[in-house]
Amino acid sequence: MSAVAETMNVTDERLAGLTLPAGGWSDAARKDALSRVQMMGLPNRRDEYWKYTRPDTLTQAVAVPAALFHNDEAALFDDVERLKIVFVDGVFDADASDDLSLEGVSIERLATADADIHWARDVYGVLETNGQKPVERPLAALNTAFATDGVLIHVTGAASKPINMIYLHNSETSDVMLHNVIKLDAGASLTVLETGPAAARLNMVTEVEVADTAALHHIRAQGRDHERRAATHIFARLGTESVFKSFTLTANGVMTRNECVLELTGDDAKATVGGACVGDGDFHHDDTVFITHDAENCESRQVFKKVLRNGATGVFQGKILVKTGAQKTDGYQISQSLLLDGDSQFLAKPELEIYADDVICSHGSTSGAIDETALFYLQSRGISKPVATDLLTLSFLAEAVDEIEDETLREQINERMASWLERRRG
Amino acid sequence: MLKIENLHVKLEDEEKQILKGVNLEVGAGQVHAIMGPNGSGKSTLSYVLSGREGYEITDGEAHLGDVDLLDIEPEERAAAGLFLAFQYPVEIPGVGNMTFLRTAVNAQRKARGEEEMSAAEFLKVVRAKAKTLKIDADMLKRPVNVGFSGGEKKRNEILQMAMLEPKMCILDETDSGLDVDAMKLVSEGVNALRSEGRSFLVITHYQRLLDHIKPDVVHIMANGRIIKSGGPELALEVEQNGYADILAEVS
Ligand SMILES: Nc1ncnc2c1ncn2[C@@H]1O[C@H](COP(=O)(O)OP(=O)(O)OP(=O)(O)O)[C@@H](O)[C@H]1O
Ligand SMILES: [Mg+2]
């Protein structure tokens, strides 16, 4: 079978099992998205953009079941003052959620936002469509068409506390598509926390419109279920002097592809996207980032760290595109892996494409083992080899975690990682 | 305290013999100095005693009290009371100096079956000791040795030694890179730790340090062996005449 025929086969099979939700204001966007999927076809293993990650389990008609992960750990951010919105296998749980009201913020669910004219119409599927060029992201279009729920957040002021979407996974066969839209008006600010695996297979899209001088801080922890699979996309558009910062913590998960597509369209905007991941054994984690600089004096940072062992695989594809006229761009990209044994692998493809002459862009990618000299130094002070290894592992991840601006949230992530490593030591 | 007998060491990956039969005994409460030309094996001896990888012991033994040093992990040697102040202290980005010190102190206490030091007590002790070594709060907060000057790194080694209270302290060129005042500080730090139950092995190229830290015995190491031992006057002789005479005398 030809590659095209195979793609169409997979796409048809996937689409055959889905029905377009009736969404009122989102109907047009959903229909457009469906035709985009039909045009593009779902990714297959011959796609250049999927060279290092096999898309089949993310695209096939029926999701591979994933065993539930039970542990006695307190939920992340449990003691943070926040507004909780809980989904269980993609289904909103009103009892477990807080009242969806917060000063300076309007919060609605995608499934129930049925006004004929809705603010989200200007964003839903719009940023995703923009993000289809120059590289196609069919799984995101699939999501725009078929997402069953999600959260629509419109921020007009400075939110007094973070909003925490909590995605629980209670069914071994759940296959979920959620779509969030976050719109920040000029000068508004919000912190969004996302925690949990969400489903056996998750397809998640988040579109973020950050108006001039607004700021969004995003921290995500993808849940520790070993067999979960996820394809996520973040599309963000940044206005003048705005700030967008996103950090993702990933531990376990047999297959994760996190794409982040940022467009800096106003001068002096600042974007950071970072991630720390720890993978052991049957673990494949792919961070794919595409940052477009289309305004002057903007700064973007990509900081990704991966700790891999027992045959785990890490992938990083990161691109900075600096358009004509985007002078004084400062683009920084680093992706590093710490390979704790010889079985694991890290595949990186950093790319720069620059059409302006007055820019600073740097990128670096490394793969290395634990620093033996540092290890010996710690041991010579009485610290056992496993503890010393963990200290060095945490210090390796620190550069990514340090991108989280809020100290309390940053420390929670650090403590969580430390406790995972400690448990592992037994 | 420390007893090294007929120690032969080669590189693990190369056919290169570095220590060719070292014999050395440091009694409790004593200070011994080792001097010797570059490349004679002084640092190698200190690394082998503390358990660094990459060396193969082809013959000989080393004991700290009753403990057979060469048989156990570096961290076990540390818990048994061995401490090496590195010639080149290692920078560890991302690990805070305080976290590092506290982890080390408590790891050793735990290994010895002692109670761990509380955060408050630790803070009090470390601040007091840092002060006498003129290590400021900022240096305590920074990652281990990162951005420290050469002299600051050496003072940080002595701070670790003071916190860990080892029985056997090996100082590998702790004086190199120190200005005159820092040398005094470090020496005072060392002298403050001198006691009946604690011994020192001081590796140095210069007599100057030995003016501050008075040795009981001075050894000359050359080509992987201790070729001569004597009193403090041996260091003066080296300072004045270099190693040529001594080397000629033994060969
Ligand atoms: N890992 C190694 N690989 C290769 N050669 C080594 C290694 N370790 C030590 N050597 C060699 O062994 C010899 C002894 O080195 P060592 O560092 O012990 O000398 P030293 O007496 O401490 O010298 P210095 O006074 O310059 O500090 C040198 O020739 C050195 O090059
Ligand atoms: Mg040396």
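We name chains A, B, ... by the order of the sequence lines, and we start the count at 1 in each one. Just so it is clear, the model here is predicted, and its values are computed rather than measured.
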Main chain of B/A62, side chain of B/K3: is a donor-acceptor contact present, judged purely on distance under 3.5 Å? no

Would you confirm whether B/T103, through its side chain, and B/T99, through its main-chain N or O, come within 3.5 Å as a donor-acceptor pair? yes

For the interface with chain A, which of B/G96, B/G94, B/P166 has the highest count of heavy-atom pairs at distances below 4.5 Å? B/G94

Where on B/V105 is there a heavy atom nearer than 4.5 Å to chain A: the side chain, the backbone, both, or neither? neither

Give a yes-or-no answer on whether the side chains of A/E194 and A/H218 include a donor-acceptor pair shorter than 3.5 Å. yes

Looking at chain A, which one of B/P74, B/A79, B/A111 has the largest number of heavy-atom pairs inside 4.5 Å, strictly under? B/P74

Parallel, tilted or perpendicular: which describes the rings of B/Y47 and A/F376, with under 30° parallel and over 60° perpendicular? perpendicular

Could you check which of A/S380, A/S395, A/A374 has the highest count of heavy-atom pairs closer than 4.5 Å to chain B? A/S395

Less than 4.5 Å apart, any side-chain heavy atom of A/T250 and any of A/N258? yes

Turns out that what part of B/R77 lies under 4.5 Å from chain A's heavy atoms comes down to neither

Looking at A/Q379, A/R381, A/E372, which one has more heavy-atom pairs under 4.5 Å with chain B than the rest? A/R381

